[in-house]
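Every chain is numbered from 1, with letters handed out A, B, ... down the list of sequences.
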There are 2 protein chains.
Amino acid sequence: MSAAAATFAALGEPSRLRIVELLRTGPRAVGDIADALGLRQPQVSKHLRVLGEAGLVRVRPQARRRVYSLEQDAFDDLASWLDSFQRVWETRLDALGALLESGAADLPTDLPTDLPTDLPPSPPAQPGATSPTQET
Amino acid sequence: MSAAAATFAALGEPSRLRIVELLRTGPRAVGDIADALGLRQPQVSKHLRVLGEAGLVRVRPQARRRVYSLEQDAFDDLASWLDSFQRVWETRLDALGALLESGAADLPTDLPTDLPTDLPPSPPAQPGATSPTQET
DNA sequence: GTCACGTATTCCCGTCAAGGAATATGTCGG
DNA sequence: CCGACATATTCCTTGACGGGAATACGTGAC
């Protein structure tokens with residue numbers, strides 16, 4: 001599994017995502033995380049293990065406690081992965097614009113000129129609103 | 001499950017991530033995706049459904065085919081989610097800078113850029129690497 | 001050494017999701 | 001209407017994952 005997929009899989013678990021978002025406010029020990037999120041300590045340890053294997057957190061033993069913090073590099077990698085998508089839109093829109101300006105009204109039929117507009121009755125899902133997915 | 005978690009979960013499946021990365025090069029019909037990735041058509045349809053419910057792709061019926069393309073909004077949302085993490089580092093670095101300027105500043109400029117509770121400078125973290133536990 | 005504390009690991013179990021195969025739905029051409 | 005093509009859906013099985021409970025490990029205090 002690609003590293004990116006492992007990263008996404010780790011973040012795809014709600015409890016783990018909450019842990020990551022909590023650590024966004026600063027490093028925390030295992031017990032503190034469990035307390036803050038209302039989770040049990042063993043589950044938190046398990047989740048932290050997965051997050052660690054995905055390179056998302058690092059641990060620093062401090063006396064008897066183990067303080068976890070976010071691993072910046074992982075988020076940098078995520079950002080550059082995302083960047084490779086941002087450029088897609090720009091490139092495609094530029095290409096479309098150039099094509100239109102060049103007087104090419106005879107667009108090939110297989111040219112995807114379908115960026116904007118119509119959306120068939122399918123996924124209204126968007127972060128920030130609950131998806132119509134069958135959620136238990 | 002938060003919408004962000006659903007998005008990450010969708011991308012956390014290797015085949016789905018490959019589909020998304022393929023669609024980065026432009027819209028594709030289901031059969032073309034299956035052919036390009038060496039997957040079977042029903043599985044591709046299932047994955048596309050999940051991606052659609054996560055708001056990551058949209059579909060445009062075109063004759064007998066259904067052409068899928070990336071949904072830009074989902075990636076914008078991901079980017080802003082990531083930004084909220086980037087600011088963490090900046091904030092801390094700013095705080096560090098402010099601290100230096102505020103008078104305690106006779107420190108060398110090559111001060112290790114550590115977080116609130118000092119970090120040893122050694123981030124070999126690459127996605128797909130090892131656990132954070134100190135392998136002794 | 002012994003104990004208490006914090007954390008990691010193990011085992012068990014229920015659930016869920018992914019792949020395979022078969023089939024249903026939908027759409028176009030004749 | 002019918003057949004061919006493209007895609008979606010269903011059923012089934014199996015493996016992985018998450019939570020609960022109990023326990024092992026490591027470290028500091030006495």
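- If you measure from atom CG of A:L51 to atom C1' of D:dC17, you get 14 Å, rounded to the nearest angstrom.
- The distance from atom CG of B:D83 to atom CG of B:L78, rounded to the nearest 0.5 Å, is 11.0 Å.
- Within residues 30-42 of chain B, the residues approaching DNA chain D are B:V30, B:G31, B:Q41, B:P42, by heavy-atom distance under 4.0 Å.
- The separation between B:K46 atom NZ and C:dA22 atom P is 13 Å, rounded to whole Å.
- The nearest whole Å value for the distance from the CZ atom in B:R65 to the C1' atom in D:dC5 is 12 Å.
- Shortest non-hydrogen contact noted between B:P27 and B:V67 is CB-CG1, 3.5 Å.
- Scanning both residues, B:R18 and B:L37, for their nearest heavy atoms gives NH2-O, 2.9 Å.
- The CZ atom of B:R49 sits 13 Å away from the C1' atom of D:dT7 (whole-angstrom rounding).
- Below 30°, between 30° and 60°, or above 60°: for B:F85 and A:F75 the angle between ring planes is below 30°, a parallel geometry.
- Across the protein-nucleic acid pair, A:L48 atom CG and C:dG6 atom P stand 16 Å apart, rounded to whole Å.
- Heavy atoms only, all atoms of each residue included: B:A54 and B:T7 are closest at O-OG1, 3.9 Å.
- A:R16 approaches A:A10 most closely through the heavy-atom pair NE-O, 2.8 Å.
- Within the 4.0 Å cut-off from OP1 or OP2 of C:dA8, at least one side-chain nitrogen or oxygen of A:Y68 is found.
- Between D:dC17 and A:H47, no contact under 4.0 Å exists linking OP1 or OP2 to a side-chain N or O.
- Contact annotation: A:S15 side-chain N/O to D:dG19 OP1/OP2 distance is under 4.0 Å.
- For the pair B:L22 and B:D32, the minimum side-chain heavy-atom distance is 4.5 Å or more.
- Relative orientation of the A:F8 and B:F8 rings is parallel, given thresholds of 30° and 60° on the angle between their planes.
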At a cut-off of 3.5 Å, list every protein nitrogen or oxygen paired with a nitrogen or oxygen from nucleotides 12-15 of chain D, distance to 0.1 Å.
none

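- For A:A74 against A:L56, the heavy-atom pair with the smallest separation is CB-CD2, 3.8 Å.
- Between B:Q43 atom CD and D:dT7 atom P the separation is 15 Å, expressed in whole Å.
- Put simply, CG on A:L48 and CZ on A:R66 are 9.5 Å apart, with the number rounded to the nearest 0.5 Å.
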Dump the pairs, protein N or O against N or O of nucleotides 25-30 of chain D, anything under 3.5 Å, distances to one decimal.
none

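- Taking each heavy atom of A:S45 and A:V30 in turn, the nearest pair found is OG-CG1, 3.8 Å.
- Between the CG atom of B:L17 and the P atom of C:dA17 there is a distance of 18 Å, given to the nearest Å.
- Note: CZ (A:R66) to C1' (C:dC5) measures 15 Å, nearest angstrom.
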